[in-house]
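Below, chains carry the letters A, B, ... as their sequence lines are ordered, and counting in each starts from 1.
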Amino acid sequence: MSNICPDPVIITVVSVESRFRIGELSRRSGVSPDLLRAWERRYGLLRPSRSSGGLRLYSEEDVLRVEAMQEQLAAGLAAAEAARVASSRRDEAAAPADTTEARDELAGALLAYDEARAHAIFDTLMARFALETVLGEVVLPCLHDLGERWERGEISVAQEHFASALLRGRLLGLARGWGQGLGPTALLACAPGEQHDLGLIAYGLALKARGWRILYLGPDTPLESLADAARSAQPDRVVVSAVSPATLDALGQSLNDLGREFPLAVGGAAAGDAHLDDSILMLTGTPVEEAERLTSLQRSRQP
Amino acid sequence: MSNICPDPVIITVVSVESRFRIGELSRRSGVSPDLLRAWERRYGLLRPSRSSGGLRLYSEEDVLRVEAMQEQLAAGLAAAEAARVASSRRDEAAAPADTTEARDELAGALLAYDEARAHAIFDTLMARFALETVLGEVVLPCLHDLGERWERGEISVAQEHFASALLRGRLLGLARGWGQGLGPTALLACAPGEQHDLGLIAYGLALKARGWRILYLGPDTPLESLADAARSAQPDRVVVSAVSPATLDALGQSLNDLGREFPLAVGGAAAGDAHLDDSILMLTGTPVEEAERLTSLQRSRQP
Amino acid sequence: MSNICPDPVIITVVSVESRFRIGELSRRSGVSPDLLRAWERRYGLLRPSRSSGGLRLYSEEDVLRVEAMQEQLAAGLAAAEAARVASSRRDEAAAPADTTEARDELAGALLAYDEARAHAIFDTLMARFALETVLGEVVLPCLHDLGERWERGEISVAQEHFASALLRGRLLGLARGWGQGLGPTALLACAPGEQHDLGLIAYGLALKARGWRILYLGPDTPLESLADAARSAQPDRVVVSAVSPATLDALGQSLNDLGREFPLAVGGAAAGDAHLDDSILMLTGTPVEEAERLTSLQRSRQP
DNA sequence: ATAGGTTTTGTCAAGCTTTTGTACAT
DNA sequence: ATGTACAAAAGCTTGACAAAACCTAT
């Protein structure tokens with residue numbers, strides 16, 4: 001099949017993935033056929049389709065999964081655990097239909113000022129999905145959605161406020177104890193004038209899930225205060241969040257100064273357009289992505 | 001990082017915590033498996049989960065804790081003290097993520113007479129979930145579970161008592177002030193001879209959350225006393241709870257009499273089998289469900 | 001304010017001081033174990049706790065005391081006299097007493113960015129006292145105090161922010177579910193431009209404890225949005241909070257308009273000086289007092 | 001300062017179980 | 001391909017032991 005389809009042709013919608021048998025998978029991955037079968041039987045690592053004669057047929061994706069398994073093994077995990085990690089991506093990927101639905105439900109409950117239902121949805125989500133999934137697939141998209149609808153005048157400020165307040169309460173509830181623990185410390189604050197703190201809280205939660213300790217100062221924090229707090233707490237990373245680009249431009253020099261004194265990162269919608277020293281980390285992805293990136297960075301710093 | 005997560009993005013599931021066995025922990029931390037076990041046994045430094053076969057499974061966080069222990073040792077502390085310092089930050093940090101896990105953890109802490117941990121788990125749950133979720137998904141199932149295990153002789157009366165007492169304390173703490181307010185009043189009491197009051201307290205809390213005022217008389221209340229209290233307080237609803245069907249049968253006539261004088265409801269495990277006047281509301285569902293039902297009923301009575 | 005808990009209660013704040021044995025103290029202070037024991041026996045210089053096996057366990061403070069002793073010796077004092085001087089500092093550490101003490105402790109923990117201790121103090125308070133007592137005697141005075149110290153330049157914005165964020169999280173945690181129930185509904189919002197929402201949240205909690213349902217819109221809410229929300233939710237009372245008098249003056253006419261459409265109340269520090277229609281309720285007392293007053297008013301309206 | 005006894009703590013061993021890669025028979 | 005078997009590696013529990021550190025008393 002090519003990209004172009006000049007004639008009205010019935011396209012056979014079979015995926016173009018090549019399918020190969022266990023010997024080929026063994027050759028590509030360097031794992032013996034016997035062992036591959038054992039992994040399937042014992043941990044359900046692979047779920048190959050079958051030929052009409054019953055031979056196992058694998059796809060490219062399975063190669064990746066076997067390689068992931070090998071990585072985990074090399075990292076020292078026991079086989080059972082390695083398989084759990086390697087196959088986990090499949091289970092989570094199967095979920096988006098549910099989360100999309102949940103997002104709409106949550107938005108509906110919030111717009112209707114229905115506190116009880118919103119809490120119930122949130123609880124159900126937390127019971128079924130990992131924190132990061134709830135944040136990344138439901139809460140943050142939901143907020144973003146509400147923000148856009150507010151800009152288009154479809155919903156009132158009151159509705160947006162009610163939603164923010166409720167979700168802020170839930171996120172801060174999850175944040176309890178995020179300053180405790182053994183990992184490196186991140187100092188988080190919104191830039192001066194900046195009131196939107198939910199993205200920053202989500203980022204803090206994602207960092208906490210990766211072992212960081214969080215020191216959170218909240219919205220609208222003057223840079224001098226931030227510097228004071230940093231000098232007192234000696235964090236491993238200082239993070240400033242800003243939504244409006246104007247804010248960052250106005251702060252340019254001060255941020256660069258702060259960046260020379262402490263390892264600094266700048267996030268929020270404004271981070272993409274700001275012009276700051278190269279030494280300052282710009283967080284332009286989602287909170288969860290960026291939390292993962294910062295953690296990798298930190299890991300490489302302190303081996 | 002942005003406030004928002006623009007697209008439904010598949011989150012890389014970094015959060016699937018890897019769990020490794022004692023050999024790997026030993027390799028990572030440089031402490032011999034024997035010593036790691038000794039530290040666990042003697043100081044409770046680590047509390048690894050177990051595989052189905054009983055092998056210890058550790059997490060990244062445990063590595064940090066072992067490293068902290070080593071730091072303290074290097075600083076000259078005796079092992080016992082080093083362990084105390086290194087594990088001091090655990091209580092809040094080791095927070096169960098979902099309610100099913102929390103139920104097991106709570107049960108475990110209660111059976112081990114570990115009051116501090118039980119409180120910590122309860123606190124975390126209350127911070128993370130709505131009251132009703134905590135009641136319906138954790139506390140009540142946990143109690144039910146313990147009750148069954150006690151019947152099967154798997155746990156001792158002492159353990160069951162300890163668990164009840166601790167949870168009763170927490171629930172009564174939440175109940176503080178439940179008699180105040182503007183809403184309708186419910187008068188709650190256990191039937192004569194009935195000592196199990198936790199379900200009734202949970203029911204009261206669920207009612208309180210829906211705006212009721214609660215007048216609570218506690219376990220083993222003679223019906224005459226209940227009637228006296230009702231005549232004095234003029235509640236909008238009287239609720240009697242009983243677990244044993246025999247109790248209800250013995251009370252049959254008196255309950256019917258009471259039900260003619262006041263709007264009456266009967267709950268507890270025995271409610272399903274009792275034969276009472278139709279005018280008496282039988283509460284056969286969970287406390288939360290029944291609280292919702294009673295509230296709807298009340299709403300339709302007093303618009 | 002009512003609901004004051006009369007009894008002085010000792011709030012134990014568990015600090016996790018490291019404890020080490022005599023060998024380590026000797027190493028740190030340069031004094032031989034034998035001599036340390038002699039000083040203890042002869043002059044009572046140190047009073048170490050003991051392990052279960054009887055070994056002496058010292059704290060950081062003891063190091064200081066031994067060092068002081070050495071200084072005195074070096075200055076030429078006789079050992080007995082040196083010990084007398086050095087041990088005089090011991091009695092300084094005292095135990096905290098009632099809610100006043102708790103307030104100071106909480107403030108201290110917050111100013112030190114000690115999240116764990118702040119949560120522990122808050123938990124202890126909630127376990128011992130009624131919500132209103134905690135709000136009225138500890139949280140609100142503590143915030144007020146911090147605000148004043150910030151104005152006097154004694155503490156940084158960062159400290160004030162950290163404190164606000166942590167307490168906001170706790171209060172919003174308590175607020176969960178405050179919109180449900182059977183009682184009258186209060187619609188709460190901060191005036192446009194107003195960011196201080198903690199007093200308003202406290203007021204909402206006090207109302208909730210009295211049976212109200214709360215619809216909370218949060219800081220910086222335009223009056224038109226508030227009016228929209230009010231038209232949609234038909235609350236029994238609308239409450240606007242503002243700290244700065246200028247805010248209220250600017251809003252004067254709009255507030256009066258709103259007050260003609262809905263039963264309105266205005267609170268916050270600015271309420272005392274504002275000049276608005278007589279029909280608008282001015283909340284000049286503490287949140288708890290005013291919640292009680294509003295509830296009485298409501299009771300007389302809907303008997 | 002010494003002597004004689006105790007506590008603490010790292011290490012090891014014995015006997016048994018679990019896990020997991022590989023082999024083999026059907 | 002399937003199912004079973006097997007053995008090496010790794011882990012578990014209990015208990016013990018000895019060196020180091022610490023105790024009291026003289």
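Between S32(A) and dG21(D), a side-chain N or O to OP1/OP2 separation shorter than 4.0 Å is absent. Checking the phosphate oxygens (OP1, OP2) of dT9(D), a side-chain nitrogen or oxygen of Y43(B) falls inside 4.0 Å. Distances shorter than 4.0 Å separate some side-chain N or O of S51(C) from OP1 or OP2 on dT8(D).
What separates OH of Y58(B) from C1' of dA10(E) is a distance of 13 Å, to the nearest Å. One can place CZ of R56(C) at 13 Å from C1' of dT7(D), the figure rounded to the nearest angstrom. Regarding R41(C), its CZ atom lies at a distance of 12 Å from the P atom of dC23(E), rounded to whole Å. Distance CZ (R37(C)) to C1' (dT26(E)): 14 Å, rounded to an integer number of Å. In this structure, CG of L35(B) is placed 5 Å from P of dG10(D), rounded to the nearest angstrom. Distance, I22(C) CD1 to dC23(E) P: 5 Å, rounded to whole Å. Rounded to whole Å, atom P of dG11(E) lies 5 Å from atom CZ of R21(B). For W39(B) and dG10(D), the CH2 to P distance is 6 Å, given to the nearest whole Å.
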* Asked: Taking it one step at a time, do R50(A) and R56(A) satisfy side-chain contact (heavy atoms from CB on, under 4.5 Å)?
  -> CA-CA 5 Å; R50(A) 298 294 181 128; R56(A) 288 173 171 79; 3.5 Å; yes
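Where A38(B) and L55(B) each meet DNA chain D at their nearest nucleotide, the meeting point lying more 5' is that of A38(B).
A salt bridge links E60(B) and R28(B); the closest N-O separation between the charged side-chain nitrogens and carboxylate oxygens is under 4.0 Å. Using a 4.0 Å cut-off between a side-chain N of Lys or Arg and a carboxylate O of Asp or Glu, R21(A) and E24(A) do not qualify as a salt bridge.
In this structure, CD1 in I214(A) is found 4.5 Å from CG in L207(A), a value given to the nearest 0.5 Å.
Checked by distance alone, R42(B) brings a side-chain donor or acceptor within 3.5 Å of a matching partner on the base of dG10(D).
When heavy atoms are screened at a 4.0 angstrom cut-off, R50(C) is found touching the sugar-phosphate backbone but no base atom.
Using a distance-only test at 3.5 Å, with no hydrogens or angles considered, no donor-acceptor pair links the side chain of S59(B) to the main chain of R19(B).
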